[in-house]
Amino acid sequence: MLVCQFISHPGKPYCSFFLSLSPNIPLTFDYLAKNTSGAALYLGSGVCENSLFVDNAGTYQLTVGADATLTLAEGISIYAPGATVGGSAVPPGRHTSETWLKGAGAVYVPYGPITGTHVSWTGGAEEDTRMTTAANWSAPVDLANGTSRAVFATGGQEASVVGSTFLNGLDFTSAGAFAVKGADETSVLRLASGGVTVTGSESYEIDVPVSIEGDQTWTLNGNELNLMAPLDSDPMSRYVLHKTGAKNLNVMNGGTFAGTLSIEQGGITAYGADPLGTTNGSIVINKDCGLALAGATVNMPITIDPAGSWGNKTSLTVWGDYPTSTVKGKLTYRSGNIYIYIYSNDDYHGKLVLEGGVDISAGYGYFSLSGGGAGKTGYSTLVVTNSPIVSKTDFYPVPGSPNKDGIAFKLYLAVAGNSFPEFGHPSYRLKSCELYTTVDGAFARSDMRVYADYDFIWDLCGTAQTVGFLDTYSADGHRPPTFTGSAEKESTLSFTQTA
């Protein structure tokens with residue numbers, strides 16, 4: 001048995017080590033165990049099971065001797081910046097079944113920055129819109145190595161990606177609408193470190209799967225960009241896609257992106273049932289930015305750091321006129337007041353399901369959940385399941401525009417252990433809403449204070465709940481706070497304090 005000591009580097013999401021394979025001493029990874037803290041052996045973020053990360057921020061790298069063999073069992077991968085074999089650098093990309101690499105596993109070497117040369121698109125006015133047609137470009141174009149940056153300023157309204165096309169980046173400056181599409185189902189657009197810029201004011205879209213192959217920035221200033229096809233990357237990659245510019249990026253069909261979506265200006269809207277990202281990736285919503293969900297499923301954990309304002313739609317917004325939106329990763333707030341908006345209008349029902357838990361380390365958990373308004377039936381729904389809400393401060397679900405029945409939202413706590421010192425607040429009481437606790441012990445703190453107001457209904461659903469104390473209030477013309485148990489099983493609500 002070989003036991004390696006891993007050295008942690010402050011501020012890095014994974015640890016570094018030196019791994020050198022000498023001739024005639026094969027090293028085989030059949031299993032990467034977990035340590036006692038529960039993290040994977042590579043001591044990363046714990047989200048990429050059976051993977052090994054090597055940091056090349058100095059002398060640490062994967063080095064394989066000229067006659068050495070590395071064997072990786074199926075499901076085992078190594079992420080290795082700066083890997084060398086026999087003294088020669090291993091090219092970027094995913095490597096399997098090499099002379100130095102045996103087994104069903106893989107080694108992934110990430111792409112670094114690539115300098116791009118601008119080449120203008122001049123074709124597309126006729127039937128031939130293929131990027132592989134030399135006459136469609138102003139100069140010779142490299143479609144294989146990520147060194148050419150495509151500029152779409154003139155030349156019709158469409159360019160077609162043929163097979164695997166590797167470009168440095170894209171510039172949309174056209175005075176007319178423009179679309180980059182796939183020639184057929186085998187088409188994929190690989191983007192190196194040049195990213196995407198939009199300075200034109202027309203309608204622009206990318207309707208071909210995009211594979212991110214390098215840290216890059218997408219700057220959208222002239223108009224929004226519609227990404228109609230999946231946003232993908234290698235499952236072992238850890239690239240950062242920086243979203244800048246005031247205009248929105250609309251992601252229509254999910255994808256398997258495994259890096260970080262860093263929203264630094266403007267916002268991103270995710271549409272459709274196809275999941276966005278993998279559990280290895282992440283989304284970071286920075287100050288004054290937003291992520292909107294329109295019937296979308298997000299696999300990645302989401303960090304709001306710190307919460308800020310994006311118009312009146314702060315941090316995370318769920319649109320009500322689409323099907324249910326789901327966040328499977330953990331939702332984390334690091335500072336500031338925490339705003340999540342779930343919108344319903346007329347007879348629509350906006351619904352957000354949180355499966356990965358919520359961690360509020362500072363500030364306040366402010367959830368704004370609106371109804372359809374007077375005379376309408378619409379209301380918002382928030383479902384917390386699988387993992388609880390854990391907050392060091394108060395949790396405020398705030399109603400907006402109650403419907404004709406006086407209800408703005410419904411809150412389902414379907415997991416035990418939700419923890420916050422106050423549920424509601426003397427100034428933000430629970431009102432115009434229905435609370436359903438469907439498991440015993442939905443609240444972890446027996447000293448939690450509950451502040452209830454008019455048109456508040458708590459359905460215990462045949463469960464047993466314990467809180468500190470209940471402070472109720474009502475108003476003329478409204479129903480007082482109501483407590484019920486809709487299930488056949490007995491419901492119990494216990495209090496540990498009198499005031």
Side-chain angles (χ1 to χ4, degrees), residues 11-13 45 47 169 191 193-199 212 214-225 227 231 233 237-251 254-255 257-271 276-294 296 298-319 325 327-343 352 354 356-368 391-393:
K12 292 186 177 297
S45 60
V47 295
L191 287 181
S193 55
V196 177
T197 63
V198 174
T199 56
I212 300 299
D215 294 339
Q216 56 192 265
T217 300
W218 290 27
T219 302
L220 314 181
N221 280 319
N223 202 354
E224 297 183 350
L225 176 64
L227 181 57
L231 180 69
S233 70
S237 67
R238 292 297 178 270
Y239 300 123
V240 180
L241 195 162
H242 303 270
K243 162 60 183 73
T244 63
K247 299 300 183 178
N248 212 53
L249 172 62
N250 301 312
V251 182
F257 182 65
T260 298
L261 284 175
S262 179
I263 309 174
E264 298 164 12
Q265 291 177 322
I268 293 178
T269 300
Y271 294 84
L276 173 61
T278 71
T279 55
N280 296 336
S282 64
I283 297 177
V284 178
I285 307 172
N286 292 278
K287 189 176 186 297
D288 295 330
C289 300
L291 172 66
L293 305 180
V298 178
N299 286 330
M300 298 182 283
I302 300 173
T303 298
I304 301 177
D305 183 23
S309 61
W310 176 37
N312 290 320
K313 311 173 187 67
T314 308
S315 294
L316 180 62
T317 302
V318 177
W319 297 116
S325 292
V327 176
K328 293 183 176 292
K330 177 180 284 190
L331 193 59
T332 301
Y333 303 97
R334 292 181 180 169
S335 62
N337 292 331
I338 311 314
Y339 299 94
I340 290 186
Y341 285 83
I342 302 178
Y343 284 99
L352 173 63
L354 298 176
V358 180
D359 181 3
I360 304 174
S361 59
Y364 297 94
Y366 181 101
F367 283 55
S368 177
S391 175
K392 295 181 179 178
T393 58

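Note that this is a predicted model, so its numbers are computed, not measured. Positions are given from 1 along the sequence.
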Looking only at heavy atoms, what is the nearest atom pair of [X] and [Y], with distance?
X      : Y      : value
Lys243 : Ile268 : CG-CG1, 4.1 Å
Leu191 : Gln216 : O-NE2, 3.1 Å
Lys247 : Asn221 : CG-O, 3.4 Å
Phe257 : Tyr239 : CZ-O, 3.6 Å

- Thr219: which of Thr197, Thr199, Thr244 passes side chain to side chain donor-acceptor pair (under 3.5 Å):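 So the option named by the test is Thr244.
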- Query: Going by heavy atoms in the side chains, are Pro301 and Thr332 under 4.5 Å from each other?
  - Reply: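 They are not in contact (no side-chain heavy atoms under 4.5 Å apart), so the answer is no.
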- Message: Less than 4.5 Å apart, side chain to side chain, heavy atoms only: is that true for Leu249 and Leu220?
- Response: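 In short, these two side chains touch, coming nearer than 4.5 Å.
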- Query: Would you say Ser325's side chain and Ala296's backbone share a donor-acceptor pair under 3.5 angstrom?
  - Reply: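 The answer is yes, because a donor-acceptor pair under 3.5 Å joins these two groups.
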- Task: Report yes or no: does Ser233 contribute a side-chain atom to a donor-acceptor pair with the main-chain N or O of Ala258 at less than 3.5 Å?
- Result: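 Flag set: sc Ser233 to bb Ala258 pair under 3.5 Å.
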[atom2] on [Y] to [atom1] on [X], rounded to 0.5 Å:
X      : Y      : atom1 : atom2 : answer
Met300 : Ile283 : CE    : CD1   : 3.5 Å
Leu241 : Thr260 : CG    : OG1   : 10.0 Å
Asn299 : Thr279 : CG    : OG1   : 7.0 Å
Leu331 : Ile360 : CG    : CD1   : 8.0 Å
Leu261 : Trp218 : CG    : CH2   : 9.0 Å
Ile304 : Ile302 : CD1   : CD1   : 7.5 Å

- Message: Among Thr317, Leu291, Leu293, Asn250, exactly one meets side-chain contact (heavy atoms from CB on, under 4.5 Å) together with Thr269. Which residue is that?
- Response: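 Filter result, single survivor: Asn250.
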- Sequence-distant partners of Thr278, side chain to side chain donor-acceptor pair (under 3.5 Å), two or more places apart: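 Residues passing side chain to side chain donor-acceptor pair (under 3.5 Å) with Thr278: none at all.
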- Query: Which residues satisfy the side chain to side chain donor-acceptor pair (under 3.5 Å) test with Thr217, sequence neighbours excluded?
  - Reply: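 Scan of Thr217 (side chain to side chain donor-acceptor pair (under 3.5 Å), adjacent residues dropped) gives none.
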